[in-house]
Each structure stands twice: as structure tokens, then as C-alpha cells.
Amino acid sequence: MLSREELRRAARDCGGVDRRLFLAVAAGLAALPKRDRAARADTTAAPPRGDDPFLLGVASGDPSAGSVVLWTRLAPRPLEPGGGMPPAPVEVVWEIAEDEQFARIAARGHALATPQLGHSVHVVAAGLAPDRWYFYRFRAGDAESPVGRTRTLPRRGDATQRFRFAFASCQHYEAGHYTAYAHMAQQDLDLVVHLGDYIYEGPGQPGKIRQHVGGELRTLDDYRARHAQYRLDPLLQGMHGLCPWAVTWDDHELDNNYAAATSEEQGVDPVDFLIRRANAYQAYYEAMPLRPRSLPQGPDMRLYRRFSIGRLAELCVLDTRQYRSDQPNDDRKSPLNQACWDPRASLLGRAQRGWLQRTLTTSPATWNVLAQQVMMGVVDRKSGPPEEFSMDQWSGYLHERRALLDFLATRRVANPVVLTGDIHSNWVNDLRSDDRKFDAPAIATEFVGTSISSGGNAAPVPPEVEKLLAENPQVRFHTQQRGYVACELTPGEWRSDYVAVEEVARPGGKVATAATFVVEAGRPGAERA
Ligand code: FE
Ligand code: CA
């Protein structure tokens, strides 16, 4: 738990949230019982003998050209409060090598897994060579972790010829099996980008394919246990061990369709909501291979960041939840009315928007990628009149959306590509300054990837889809299957394979590429290959 001084600092730094409100949250957090107060850094313990503390596996993430984060979390009983660990720090030894036999060690060291952070470990293994594969493992007491594989990125500006990554989102545990990750594991991928809804916060429901443990998530222990339950899935855990991940969240890591300090439900005290947010954000940090600079300060956590992949791509990972203004029109599907054009409304918040603009104007890359949560394409979801748009997506924040598209066009940002999750369906969209002016030139391409499992088995294509496509000519592709998107980047071409899983209600569903879309460098707009 943070000190009052740290919370005060967080309050000063937080842009999206009113300062008085923030101080009230600080007081609320300080009043919570400190379960781990007895833990002191100079008394280290060992994990309980005989129990495997590495049941949650290993992961790596946030690579740069010279370093990568190595992650694990000691938890011999992952679903219990405290994870089955003693309430004391535990020393963990880590090593990273050039070969799977660990004959050529590149770096090694010690880290302290503390109860304050759920005995998670976030090691930044530095001094590595750019653009190459490594192997890593941990040891705690007598226990050894599985071996993970990871890689560094090519140096910013280097003439990289090829990079392959996949992006995924929305993996409701109760809705289906993670067959998509089993397929992803067969691909030769340099990176996985997760766009959010990594967990869902709802209570366990009987009669589903699998069942959440516990009720609706509120406390730090609740969120920790949910993350642990998801990560115990061998396919998800396995994919984490195969290559580095760059993660961001959407809403369900905390609460459905929240906006900054505002809950979706009416009448929730924002102070209570921010205390819940602090719990959710901390558990998220603990569960993910993030750099220590993402360590949350109370209810505030810096998640937006960039990755440079040679001269090939600049990957900007965004956070459209933490800083956003409340959804217009009470978050109900609406026509594009005045409220959608409110110039004060924002998905990014001022600080993140400024950072994004600076990043894009200084980028040396061929492909400039915005990895984010909610659909940027302004799509009328109702066939026939009247028109209906989602207020939780960029269509509810049109002023900021137009400014961003105009920025991309006037600043000649090279080959902008937007990656999106959230809506459990596949889309390929041409993006324009005004998406309803279909004959204007496209500025960017949006690839919306469907869910890993959320929504369950694919429904047959509804007859309205043809009409929906006719009313939205900027939409080049739309299906409602499960799966993920695999992307291959070269200096001349971006290729997105939409991988579809036929069935998630049972393990081992059939997997096939449903469609491939290609963007040629220098020519905005995707074409079906
Ligand atoms: Fe979702
Ligand atoms: Ca969502």
C-alpha cells in the first residue's frame, strides 16, 4: 500500500481526475487494513517446501532493443488470498541465456518477490543484443520455473525486413476455451499485443462452459485470484512463455464500460470506484510483464507507451479508459448528435494525446501503429433509419477523433494503422476525417480483431450484415467469429490474417484463416488478398 505522500504525489500528477476527489481516495486507501504490514525487506522467507510456487508460469514483455521484462508470480495456491505464500519477501534468482540449455548466460541476478505486490517479479533484463531470441528461467528455494522464450526488438531506425505479431482481446473465461492461443503458438511470432478484456470482472455463473471462482471483483485479493484463474489456463500461460507480450487493458479489467472515475452503474460514489480501480490496476500490474515504471500509484497507472521496431514500425499502445470523459447520451446507442461533438470530450486525455502527437511526429517508421481498445470507424449499427452509433467508441468522441485523423493527414504520418478489440467481431475499416463522407480519401486503416472466447461459438451470419455493409461502405470486412489477427510487416506491405476458431464451447475447435487483408505502403486503405 502506498504512503500518504505517494498518494499525494499521485493526486498532483493525475490529469483526468479532480484533485479533491483524488485526495478523498487517498484517505480511503490509507484507511484500508494493511495485511502485509508485518513483512519487512530484511527478513526473507522461502516458498513453502514441496509446493510448486511457479503454477502461474513465466512471461516476458515490453521489449526494447536492449532489454525485456521477465515476469513470474510465486503462488503455490493461486486462487487463495496470499497465493499460499508466507507474508514475507522471498528471494528469486533469474537468468537469461542465448541458448535453451543455458550454456551461454547473457545476464543473471536476484529479485525480491514481496507480499505487497502479490509475490510478483518484474525483472528488467538489460544489456541484451538487439533483435534476437533468448531463454529465461527463475528459481525460488528449491523450485525451478519453466523456461520461457523471449526476444529483443531491432534497434530504432535499423532496416528491419520483417516482423510478425498477433493481436488479441476479450477472453471471457466462462464463454469458451482458448483454442485461439493453441493455434497462435504454432505461428512464428515476434510479439503478442493484447488489447484488453484480459479478464472479466463478473461473478461466477453456473451453467457456463467454465466458471469464474468468486463473486463480482472488488478487493485486491478478488482481482488477484481472477487473474490467477485465467493464467492457470495452459493455452494462455503457454503463449505467454513463447514470446514477449505488449499488453493494454480495456474496461473489464476493472468494470464494464467505465470512464475514468465513473462507473457504468448509477449512484456509485467515485471515491469508492477509484478505490476499486486501485485494486484492479494493482492486480493487473502484478499479473502482467510490465516495466516497473508502470507500477500504479493508488488509482493511477501509466500504461500508454511506445515500442520501436527498427525503422519498420512504431507501435503506440494506448489507454482509452483511464483518462476518458464520461460517455455521451448516457452511453446508449444514439445518432451522431451534438453530444457526440462536444469539444471537451476525450478518450485519450490531454497528456496522452500530447504524447501521441509527439511520438507520431518524431517517428522514423514506415508503419505507425495505434494499438488501442474501441472502434475508430464510425459505423451505423442499425440497418435502415434511424442511424445508431456506439457511444462507448470513438463515435461518441467525434471532435477528438476528427482532430486525430486530421493530424495524421496534415502531419503526413506514414502509413497509420489502427488496431482495435472490444466488440467481439472482426472488421476492416477505411478511416477518414469524416467517416460518413465515403468519397473522401482514406487516411488510415483500422483492423478490428474479434474475441478469443467472449461471445462463445460463432453465430451464423445474420441477414442484416449485408445491409449493414451496404449502409457503411467504409467497412471492407465484417464477421462474428472467435479468433485473433496475425500481422506480418515488411517495408512494402502490411498483411493481416484473420484467424477464425470455429468452436470454443469444446476444446480443440477447428481453426482457419477467414480472410487476409493487405495494405501497401504509401497507399492508405486495405485490399482483400
Ligand atoms: Fe470484451
Ligand atoms: Ca470491452
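Counting convention: from 1, in listed order, for ligands and their atoms alike. Here, residue 1 is the first one in the sequence, and each next residue gets the next number.
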| task | Look at the N, O or S atoms of Asp251, main chain and side chain alike, and state whether any lies under 2.8 Å from the Fe ion (ligand 1). | result | no
| field | Heteroatom test (N, O or S) for Tyr200 near the Fe ion (ligand 1), limit 2.8 Å | value | yes
| said: Whether Glu253 and Arg321 form a salt bridge (side-chain N of Lys/Arg under 4.0 Å from carboxylate O of Asp/Glu) is what I want to check. | reply: no
| Thinking salt bridges, do Arg476 and Glu527 make one under a 4.0 Å N-O criterion? | yes
| field | NZ/NE/NH1/NH2 to OD/OE distance under 4.0 Å, Arg324 and Asp392 | value | yes
| To the nearest 0.5 Å, what is the distance between OH (Tyr178) and OG (Ser453)? | 5.0 Å
| His424: its N/O/S atom lying closest to the Fe ion (ligand 1) (atom name) | NE2
| Would you say the side chains of Asp326 and Thr262 form a donor-acceptor pair under 3.5 Å? | no
| query | So does Cys170 have any N/O/S atom less than 2.8 Å away from the Fe ion (ligand 1)? | reply | yes
| task | For the Fe ion (ligand 1), find the closest N/O/S atom belonging to Asp197 and write down its atom name. | result | OD2
